[in-house]
Number of protein chains: 2
Amino acid sequence: MELSRWSEALRTARAGSVTADATVRDAAWVARCVGRGTNAPLAPADVAALAATLQPVDLAAGAPLFGASTGSDPGVWIIRSGHVELSVASGRNRVVVGVLRPGDVEGDIPLLLGLALPYAARAVDAVTCLHLRPADFEELLARHPAIARRWLSSVAQRLAASHERLIALLGRPLPAQLAGLLLDEADGDPDGGGVVRLPQRTLAAMLGVARPSLNKILKDFERHGHVEVGYSAVRLIDIAALQRIRSA
Amino acid sequence: MELSRWSEALRTARAGSVTADATVRDAAWVARCVGRGTNAPLAPADVAALAATLQPVDLAAGAPLFGASTGSDPGVWIIRSGHVELSVASGRNRVVVGVLRPGDVEGDIPLLLGLALPYAARAVDAVTCLHLRPADFEELLARHPAIARRWLSSVAQRLAASHERLIALLGRPLPAQLAGLLLDEADGDPDGGGVVRLPQRTLAAMLGVARPSLNKILKDFERHGHVEVGYSAVRLIDIAALQRIRSA
DNA sequence: CCGATGGTGTCACCTCGCTGACAGTCCCCG
DNA sequence: CGGGGACTGTCAGCGAGGTGACACCATCGG
């Protein structure tokens, strides 16, 4: 059925530069559906309780979790400590489309849809996580109705959030789209304004826009003091101004 | 939080022609998330069994189900017979964004997200349906783990399908976008090729595109014998050709 | 049966963003 | 501590699609 494009990225591994951007785009959007923060299906207390039941997995920096090299291992991953990098092969280079942090839950939605994730995951530093094989996941849902109920809300909220972000992009001027994207994707950072740690190429792909066009707007924002453009990173300075531009 | 735009349509009832299109657009996309066919959370057998437990509701043609006049009645609606029209007020006219058919399930996702639907529903002909108030819905999920489990898959699939359709639109030439939209939204009709029963204005809004631009491409399709353009309806003639254009 | 309402078909003008290319800069790996 | 691969910054030319307006035609309620 039509859902198949969720994993088109992995299947169509051609290196053509046109499809490469499509691959990055799909993966980047799917990566926004990770269970995180208030949208995570499991509360920290749940995770602690489950750690006793389900075997934790320890990984050294650089070890792969799923995708490509591991032969695409289905199941749900729950990060307890460390960071995991989500990347997609595009041509002969790797583009990072997201990073998992402690508390994040990944893999449930592809499991529910019966599809593979369009990206590969690799431990950045030492990582501790829980891995639920599909059978474990089913048992978890069957034995803990309260968790199942929260998981339902979590899935709905995560998909709806991404859905809504996409709708908000349709048919708006590029500056408004970009401001919205930056605000949505900003990492809540220690020091005030957030940071978006993605290369301009990925940002452009997410908006379905050419990189030069995006760069122009970005530098424009920088000239007006709204953001600070760095290497593979954009720091948001004037949140209010960006919000104004978003809804212009 | 940002999910609020799901219902922005109803709240911001300004009649400005710019926002009117945004309203139509949002509503039309949300309407694609109705539980239908293989994505419905309930099998026909489930519905029959529940009919004994939960009070059915009968409505005459023209009666409102939810939205506007009923003061936005939350809950889940399950259509057993008849047709229900989903429409949104845009300026001082009503635009239909979708139609519910027997077996369709509507209202669960807004309930999970805690938001109102952005459109109003009205019975087109005599309608029989089941209405679950929020408490009924919770009880249904709590007492029938198997149904809860299927509901989880259903929600994931419906949102992912809409999500995926949106991604497929980004940055593609208009003809490809339109072909994709027509193929996705076509009503499986008795006689061979499907029909899309939406005014061009709604189609244009869904693509975030101006109506003249859409009309141009549509007439182009008609000239090539791919579709037949009617009043508030487009009949698909050459499915294969449209599929070719979609992935051009 | 008729008028109001809204849907469709089309145009000329103009803006926005794409194409494709090239130079400079930053990182990481060896 | 280099060197190659990515990433950023920028440009000129061009084409797709937006704007706003207008004429004509279905539909429906009275």
Side-chain angles (χ1 to χ4, degrees), chain A residues 15-18 20-22 24 61-62 85 87-97 124 169-178 196-205 207-223 227-235 248, chain B residues 15-18 20-22 24 61-62 85 87-97 124 169-178 196-205 207-223 227-235 248:
Chain A
S17 70
V18 174
D21 268 3
V24 171
E85 184 183 81
S87 65
V88 58
S90 151
R92 74 160 154 289
N93 38 322
R94 235 165 32 92
V95 178
V96 174
V97 294
V124 176
L169 293 182
L170 283 177
R172 305 190 55 85
L174 230 195
Q177 290 187 36
L178 179 54
V196 179
R197 286 182 210 291
L198 294 169
Q200 292 178 16
R201 171 186 174 189
T202 302
L203 296 175
L207 295 179
V209 113
R211 192 185 56 77
S213 311
L214 181 128
N215 179 263
K216 189 172 144 191
I217 311 294
L218 250 192
K219 295 307 281 183
D220 232 54
F221 283 0
E222 190 173 41
R223 256 188 295 282
V227 304
E228 219 174 85
V229 179
Y231 193 77
S232 222
V234 179
R235 177 178 303 278
Chain B
S17 71
V18 174
D21 268 4
V24 171
E85 185 183 79
S87 64
V88 59
S90 150
R92 73 159 154 289
N93 38 322
R94 237 166 29 92
V95 178
V96 174
V97 294
V124 176
L169 293 182
L170 284 177
R172 303 191 55 86
L174 230 196
Q177 291 187 35
L178 179 55
V196 179
R197 285 184 210 291
L198 294 170
Q200 294 177 15
R201 171 185 174 189
T202 302
L203 295 175
L207 296 179
V209 114
R211 192 185 55 77
S213 310
L214 182 128
N215 179 262
K216 189 170 141 193
I217 309 293
L218 250 192
K219 294 307 282 184
D220 231 56
F221 283 180
E222 190 173 41
R223 257 189 294 283
V227 305
E228 218 174 270
V229 179
Y231 194 75
S232 220
V234 179
R235 175 176 304 278

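This one's a predicted model, so the numbers in the text were calculated from it and none came from an experiment. Note that these values count all heavy atoms, side chains included, but never hydrogens, waters or copies made by symmetry. Letters A, B, ... mirror the listed sequences (proteins, then strands); counts begin at 1.
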Using the side-chain heavy atoms of A/Ala210, tell me which of these nucleotides is nearest: C/dC27, D/dG18, C/dC18. C/dC18

Picking from C/dG9, D/dG9, D/dG18, the nucleotide nearest the side-chain atoms of B/Ser213 would be D/dG18

Tell me which nucleotide among D/dT8, D/dG9, D/dG18 gets nearest to the side chain of B/Val209. D/dG18

Of A/Pro212 and A/Leu174, the one whose closest nucleotide on DNA chain C sits nearer the 5' end is A/Leu174

dist B/Gln200:CD -> B/Lys219:NZ (nearest 0.5 Å) comes out at 8.0 Å

Between the CG atom in A/Leu214 and the CD atom in A/Gln177, the distance rounded to the nearest 0.5 Å is 10.0 Å

Quickly work out the B/Gln177 CD to D/dG17 C1' distance and round it to whole Å. 11 Å

Between CZ on residue B/Arg211 and NZ on residue B/Lys216, distance to nearest 0.5 Å: 14.0 Å

Roughly how many Å is it from CZ in B/Arg223 to C1' in C/dG9, rounded to a whole number? 10 Å

For atom CZ of A/Arg201 and atom C1' of D/dA6, their distance in whole Å: 9 Å

Please examine the side chains of A/Leu178 and A/Phe221, heavy atoms only from C-beta on, and report whether any two atoms are closer than 4.5 Å. yes

May I ask you to evaluate whether B/Asn215 reaches the phosphate of C/dG9, defined as a side-chain N or O under 4.0 Å from OP1 or OP2? yes

Tell me: CG of B/Leu214 to C1' of C/dT10, nearest whole Å? 14 Å

Is any side-chain N or O of B/Arg211 under 3.5 Å from a base N or O of C/dG9, one able to act as donor and the other as acceptor? yes

Measure OH/A/Tyr231 against P/D/dG9 and give the value in whole Å, please. 11 Å

Residue-phosphate contact under 4.0 Å: A/Gln200 side-chain N/O, D/dG9 OP1/OP2: yes

To the nearest angstrom, how far is B/Ile217 atom CD1 from C/dT8 atom P? 16 Å

With a 4.5 Å cut-off on side-chain heavy atoms, are A/Pro175 and A/Asp220 touching? no

Gap between atoms NZ and C1', on A/Lys216 and D/dG9 respectively (whole Å): 13 Å

Within this structure, what is the CG-to-C1' distance between B/Asp220 and C/dT10, rounded to whole angstrom? 13 Å

